[in-house]
Amino acid sequence: MNVTVIGTGYVGLVTGACLADAGNHVFCLDLDERKIRTLNEGGIPIFEPGLEPIVTRNREAGRLRFSTDVPASVAHAEIQIIAVGTPPSEDGSADMQHVVAAARAIGRHMDGYKVVVTKSTVPVGTADQVKHAIIEEHKKRGRGNDFTVVSNPEFLKEGAAVEDFMRPDRIVIGSEDPRAIAMLRQLYAPFQRNRERIIVMGVRSAELTKYAANSMLAARISFMNELANLAEAIGADIEEVRRGIGSDPRIGYQFLYAGVGYGGSCFPKDVKALQRSADEAGRPLKLLAAVEAVNQAQKHVLAEKIKQRFSENIKGKCVAVWGLAFKANTDDMREAPSVALIDDLARAGARVRAYDPAARAEARKLFAGRKSVEIVDTAEAALEGADVLAIVTEWQEFRSPDFRALRKTLKTPAVFDGRNLYDPAALKAEGLEYYPIGRKPE
Ligand SMILES: NC(=O)c1ccc[n+]([C@@H]2O[C@H](COP(=O)([O-])OP(=O)(O)OC[C@H]3O[C@@H](n4cnc5c(N)ncnc54)[C@H](O)[C@@H]3O)[C@@H](O)[C@H]2O)c1
């Protein structure tokens, strides 16, 4: 099939590449000329495991095109997938300007039937907004064509995006139009060969499903973080509690880790956007307001522990930070807890030497001009001259460091672990002070 993907970011590029890999002819559109140039020159603008070979082989096979040519992108395919960003606006609601602009461009240039698929995470009612934008463009032209708007939210996780797209848990299609549903069934057939994964529902339910899923996951994280802080205060161990409750199949082990709060491009903005929609509907979501507040506070817990260790005076201290990305296996630093930690430390007069396996370029952009923050190229280099170590991202390469070397290198042998990566007893045995989240400090 011919498919156009509008917006070639984390979601659009993965979607385009995976659809091309299934044999489709995919036109990836973006307005960012630099991004398109990078892709056409064989580069990949994002770090996503397993993505590069798929992009390369499909580009070379002529099934995957990257372009800024809007009329050509509309002409290319009946299926137009919108995967542009929906960042938060000032008031927390999702900023729909890119989605509406993409819809208008389709309306302006279409010349035949189109299925317009919103894959971006969008508030309930967006399908109607997209429809109106297209109709308005038709009116301006004095003619129009038949089209359908379908909601098809994306559930992939950064860091495992290719795997998630190729083997999805579910494919939600919000539509009541049999023709559009049939086309999307055909498009997704290669990704659900061993069992049916498509769930067809109303457009509004599909739009809400995406926010509901992310909000539920965010709620689990905030619940565990709040419980972790309590556990610490009353002498319990959140890791033991996690095993104790995760073993209940109604609860399960996933997304039950205490830490430094959630970040990334999705949970924070989606929790806020759903709250905003609920407020507008006159049905405020009290639970989500708490989820959000707990998360904001949790991002400062590690800095507080470091300050407490030095009796509130860390002026002139140097903190090594391992991990900058909001989670492992990505270079994405949007709303990353590392940024809150580094800001807190800098405000208190400390210096930071930080390392991340994938997010260094991003971090250098973000902290450009900040004298107290240095981004270095190895985990060992981050420790040079450092007083203590803080761990913010659960990268595999941080899981089993040389503890003896750590103790020798750090001026104060203290590890502040925002991801509970280590066994407290083992660190104590190595002569290291250990400050995890929700566990008894050793
Ligand atoms: N990143 C994730 O893990 C993830 C997962 C599921 C859903 N989502 C949702 O998918 C959407 C996209 O997220 P992302 O992380 O890929 O965003 P992104 O910022 O990485 O990419 C968006 C891209 O769209 C381009 N763009 C903006 N307006 C355009 C237009 N009018 N025409 C063509 N291109 C345009 C931008 O230049 C950018 O390259 C968001 O709504 C997000 O909430 C993201």
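As the structure lists them, so they are numbered: ligands from 1, and atoms in each ligand from 1.
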Output yes when [X] and [Y] qualify as a salt bridge under the 4.0 Å nitrogen-oxygen rule, no when they do not.
{"X": "R360", "Y": "D377", "answer": "yes"}
{"X": "R179", "Y": "D177", "answer": "no"}
{"X": "E136", "Y": "K131", "answer": "no"}
{"X": "K299", "Y": "E335", "answer": "yes"}
{"X": "K305", "Y": "D417", "answer": "no"}
{"X": "R57", "Y": "D21", "answer": "yes"}
{"X": "R276", "Y": "E280", "answer": "yes"}
{"X": "K365", "Y": "D331", "answer": "no"}

Does the N or O separation between [X] and ligand 1 drop below 3.5 Å for any pair?
{"X": "K157", "value": "no"}
{"X": "K210", "value": "no"}
{"X": "K269", "value": "yes"}
{"X": "V11", "value": "yes"}
{"X": "D270", "value": "no"}
{"X": "D30", "value": "yes"}

Starting from [atom], locate the nearest protein heavy atom and write down its residue, its atom name and how far away it is, to 0.1 Å.
{"atom": "atom 24 (O) of ligand 1", "result": "G7 CA, 3.4 Å"}
{"atom": "atom 29 (C) of ligand 1", "result": "V84 CG1, 3.4 Å"}
{"atom": "atom 5 (C) of ligand 1", "result": "L156 O, 3.4 Å"}
{"atom": "atom 18 (P) of ligand 1", "result": "G9 CA, 4.0 Å"}
{"atom": "atom 22 (C) of ligand 1", "result": "G85 N, 3.5 Å"}
{"atom": "atom 15 (O) of ligand 1", "result": "R334 NH2, 3.3 Å"}
{"atom": "atom 9 (C) of ligand 1", "result": "T121 OG1, 3.4 Å"}
{"atom": "atom 30 (C) of ligand 1", "result": "L31 CD1, 3.5 Å"}

Quick check on contacts: which atoms of ligand 1 are under 4.0 angstrom from a heavy atom of [X]?
{"X": "I6", "result": "32 (N), 33 (C)"}
{"X": "T86", "result": "40 (C), 41 (O), 43 (O)"}
{"X": "K35", "result": "38 (C), 39 (O)"}
{"X": "A83", "result": "12 (C)"}

- Message: Can you confirm if the NZ or CZ of R170 lies within 45° of the ring axis of F155 and under 6.0 Å from the centre of its six-membered ring?
- Response: yes
Going by atom types alone, do [X] and [Y] pair a side-chain donor with an acceptor below 3.5 Å?
{"X": "N2", "Y": "H25", "value": "no"}
{"X": "D423", "Y": "Y434", "value": "no"}
{"X": "N420", "Y": "E394", "value": "no"}
{"X": "Y355", "Y": "E397", "value": "yes"}

Side chain, backbone, both or neither: which applies to [X] and ligand 1 if a contact is any heavy-atom pair less than 4.0 Å apart?
{"X": "Q97", "result": "neither"}
{"X": "S120", "result": "both"}
{"X": "A94", "result": "neither"}

- Note on the structure: Of K119, E48, E154, the one whose closest heavy atom lies nearest atom 6 (C) of ligand 1 is E154
- ligand 1 contact by R104, heavy-atom criterion under 4.0 angstrom: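 Under 4.0 Å: no for R104.
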- Would you please test Y113 and T148 for side-chain hydrogen bond (donor to acceptor under 3.5 Å, both in side chains) and show each step? CA-CA 8 Å; Y113 176 71; T148 304; 3.2 Å; yes
